[in-house]
There are 2 protein chains.
Amino acid sequence: MKQPGLDERKAYILATVVYEYVATAEPVASQTLTQKYNLGVSSATVRNEMAELEAAGYLVQPHTSAGRVPSDAGYRTYVDELMQPEALTPGDRRRIRDELHDATRELDDLIDQTTRLLGRLSKSLAFATKPQGETQRFKHVQLISIAPRTGVAIVVTSYGVSAQSLFELKADVCADDLTRLSSALNARCANRLMSEIGDADVAAVVAEQGLGDDVRGAIVAALQSARAGEAPEIAAAGTQNLLDQPEFADVRKLRSILRIVEEQRTLYDIVADAMTSENPRVKIGHELGNDELSDLSVVTVPYRFGPNAIGMLSILGPRRMPYARLLALASGTAESLSRRLADGDVR
Amino acid sequence: MKQPGLDERKAYILATVVYEYVATAEPVASQTLTQKYNLGVSSATVRNEMAELEAAGYLVQPHTSAGRVPSDAGYRTYVDELMQPEALTPGDRRRIRDELHDATRELDDLIDQTTRLLGRLSKSLAFATKPQGETQRFKHVQLISIAPRTGVAIVVTSYGVSAQSLFELKADVCADDLTRLSSALNARCANRLMSEIGDADVAAVVAEQGLGDDVRGAIVAALQSARAGEAPEIAAAGTQNLLDQPEFADVRKLRSILRIVEEQRTLYDIVADAMTSENPRVKIGHELGNDELSDLSVVTVPYRFGPNAIGMLSILGPRRMPYARLLALASGTAESLSRRLADGDVR
DNA sequence: CTTTGGCACTCCTGGCTTCGGAGTGCTAAT
DNA sequence: ATTAGCACTCCGAAGCCAGGAGTGCCAAAG
């Protein structure tokens with residue numbers, strides 16, 4: 001219950017308006033409520049209540065003499081306080097299990113497939129951040145010469161290969177030197193957290209082997225890209241599902257969305273803060289912090305590798321989305337994914 | 001000149017209709033032609049000619065008493081016989097050079113960036129197939145243990161790291177065994193074409209080292225995925241550019257396109273046959289072999305690594321696209337990309 | 001035989017009006 | 001506090017009209 005008086009009946013009416021609007025995409029009228037849901041009062045009473053809910057900011061009217069539509073605040077209290085959490089339907093549960101079970105064993109592909117699955121199930125746009133290097137453990141580095149003065153540094157982490165970096169050297173360095181250097185680095189860094197390994201470690205080893213700054217630079221760069229800056233790669237699927245929603249009958253609404261999905265950066269910004277929380281996060285309309293996205297909402301849940309959250313699974317859809325269902329879907333999918341990762345036959 | 005009589009004037013009129021329609025997106029009227037282009041004849045004459053062009057299948061009328069619009073056949077003869085090839089504008093040339101020059105040195109990222117660049121320049125949807133393993137040379141394989149009985153096989157080719165494959169073993173194998181096996185494989189396969197290296201090579205080396213079938217299987221799988229089946233990965237960029245085109249005012253047209261771009265497979269099928277040709281390819285409307293795409297066209301040019309075409313750069317846009325300009329753009333971009341690859345500081 | 005001016009005819013487009021219906025807000029009665 | 005009743009607002013679909021753009025065809029001219 002909210003402080004500015006959301007008595008039980010108001011709460012019920014608000015919840016019902018959200019529910020009905022989500023289902024129909026039409027502004028909800030007082031009569032609709034009294035007819036479809038048994039409120040035990042007349043439509044006139046409901047009208048009064050709705051007027052008050054509007055005054056309090058939970059509902060808005062598209063125009064005089066139209067039904068009511070939830071505002072951002074309305075959705076917010078619905079999500080936080082009013083809605084019934086849903087469980088995954090048995091059918092969905094089965095599909096998730098089956099599809100993830102048959103999925104590949106490469107981490108990247110697994111995330112891609114999970115995203116596509118979630119896109120299909122949610123009939124919305126699903127996206128996922130791929131694990132960032134920070135949370136991984138260093139396993140192995142291998143320096144390989146592929147041309148006289150060109151080489152590639154490959155960093156393998158606990159998730160599997162995660163980065164490679166080309167480098168050029170000023171002088172020829174023989175393959176043996178590279179092999180020795182690789183071994184020395186491995187000895188020093190094995191099993192440490194990627195975030196712990198500093199440039200100093202590399203510098204020390206390189207110096208020890210009597211090699212130059214160009215080699216050091218290359219390795220540092222490879223580690224850097226394994227740690228993979230602030231914005232990890234993002235997988236997305238199901239854009240076309242959004243087209244079915246009446247809110248996108250107007251093509252202009254789509255442009256910004258398409259651009260944002262292609263850019264990835266904005267998507268990441270939206271979900272970045274959800275990473276720190278173990279719980280699902282819901283962002284509604286203007287909460288996304290982007291005017292172009294103000295009639296969309298996003299549901300985000302983290303997925304784990306062992307005890308740590310290593311990425312986020314999200315669903316982006318119209319603000320008028322079935323929050324309870326999508327939360328269940330996203331959580332269930334993330335859980336299956338986490339389990340699949342923990343089972344250890346993936347990486 | 002075509003056999004069923006395309007005299008010079010008809011050819012000119014057809015070319016002009018295409019040109020004008022591409023520019024305006026409006027059906028072209030006989031008067032428009034006589035006014036904007038000096039034909040030296042009256043609009044009545046043009047009307048007669050247009051009627052004949054329509055009878056011959058080059059033009060169509062959206063409805064009686066509307067101007068004419070080119071048919072697929074009309075565009076086709078325009079592209080094949082009538083249009084003036086364009087050169088890259090100096091501005092575009094500079095942008096291509098500059099942006100590709102600053103681009104990353106990782107092959108995958110370079111293709112991504114090139115695609116985005118082409119999307120921006122063409123104001124259409126650009127996409128590119130990434131190089132398939134077949135055309136690469138084997139450089140190095142490295143087997144690395146990342147957990148007691150789990151390892152990863154990394155295959156490095158002349159383009160750089162191109163595949164990794166996780167594997168599990170039935171019995172513990174010590175790191176030294178893996179290292180020795182790696183060396184033996186390297187000795188045997190180095191610098192051979194990926195397509196030449198058969199399972200037999202692997203089997204021989206594995207047997208020689210006295211290791212089991214599980215190891216062999218893992219390596220074969222890694223090579224397999226480095227060769228990367230029939231459908232290579234595809235980078236795409238600029239979907240939102242299509243929204244500006246009047247042909248997509250209707251949202252339904254977009255759905256199939258979005259789905260197809262997300263699926264990738266269909267995109268690949270469209271351009272697959274262009275791989276064998278050195279020349280740019282244009283596919284118009286129904287030539288795409290897909291009803292849902294029947295008012296789109298695709299321009300495809302191969303890019304090379306050394307003497308070999310290793311991938312395709314394409315532009316997908318409305319059938320009413322500026323063919324000459326897009327051909328110039330795609331060719332110019334592909335050429336710059338090829339040169340960048342040949343210069344050897346990428347891979 | 002080709003070209004062209006003229007003209008009737010077709011069909012689309014945009015604007016305007018109209019009308020019905022859906023909903024509300026308010027008031028007065030319960 | 002609830003509710004029946006009613007006036008009022010506003011949207012949206014339907015219909016209608018006028019204007020205009022463009023064609024096709026014919027008959028005359030080169």
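Proteins get letters first, then strands, A, B, ... in listed order; numbering begins at 1 in each.
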Take A:Ala44 and B:Ala44, find for each the nucleotide of DNA chain C with the closest heavy atom, and name the residue whose nucleotide sits nearer the 5' end.
->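 On the 5' side of the pair lies B:Ala44.
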Of A:Pro27 and B:Ser43, the one whose closest DNA chain C nucleotide lies more 5' |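 The residue whose closest nucleotide sits nearer the 5' end is B:Ser43.
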Please state how far atom [atom1] in [X] lies from atom [atom2] in [N], giving the value in whole angstrom units.
X       : N      : atom1 : atom2 : result
A:Glu52 : D:dA1  : CD    : P     : 10 Å
A:Gln31 : C:dT24 : CD    : P     : 8 Å
B:Met50 : D:dC25 : CE    : P     : 15 Å
B:Arg9  : C:dT2  : CZ    : C1'   : 8 Å
B:Leu33 : D:dT23 : CG    : P     : 9 Å
B:Asn48 : C:dT3  : CG    : P     : 9 Å
A:Leu53 : C:dG25 : CG    : P     : 12 Å
B:Glu26 : D:dA21 : CD    : P     : 12 Å

Within a strict 4.5 Å, meaning less than it, do heavy atoms of the B:Leu125 and B:Ile315 side chains meet?
->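 They are not in contact (no side-chain heavy atoms under 4.5 Å apart), so the answer is no.
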Criterion side chain to side chain donor-acceptor pair (under 3.5 Å) against A:Asp295, the qualifying member of A:Lys253, A:Gln245, A:Arg319 =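 Exactly one candidate clears the test, A:Lys253.
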OP1, OP2 of [N] versus side-chain N and O of [X]: anything below 4.0 Å?
X       : N      : answer
B:Ser30 : D:dG22 : no
B:Thr64 : C:dC11 : yes
B:Arg68 : D:dA21 : no
B:Arg47 : C:dT2  : no

Carboxylate-amine/guanidinium proximity below 4.0 Å for A:Arg325 and A:Asp92 |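 Yes, charged N to carboxylate O under 4.0 Å.
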Can a salt bridge be assigned to the pair A:Arg259 and A:Glu292 using a cut-off of 4.0 Å between side-chain N and carboxylate O?
->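 So A:Arg259 pairs with A:Glu292 through a salt bridge.
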Of A:Thr300, A:Val271, A:Leu118, which meets side chain to side chain contact (heavy atoms under 4.5 Å, CB included) against A:Phe127?
->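 Looking at A:Thr300, A:Val271, A:Leu118, the match for A:Phe127 under the side chain to side chain contact (heavy atoms under 4.5 Å, CB included) is A:Val271.
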On a plain distance test, is the side chain of B:Ser65 in donor-acceptor contact with the base of C:dT10 below 3.5 Å?
->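 A donor-acceptor contact between them is present.
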Give one of base, sugar-phosphate or nothing for A:Gln61, where a contact means two heavy atoms less than 4.0 Å apart.
->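 Sugar-phosphate, backbone atoms only, no base.
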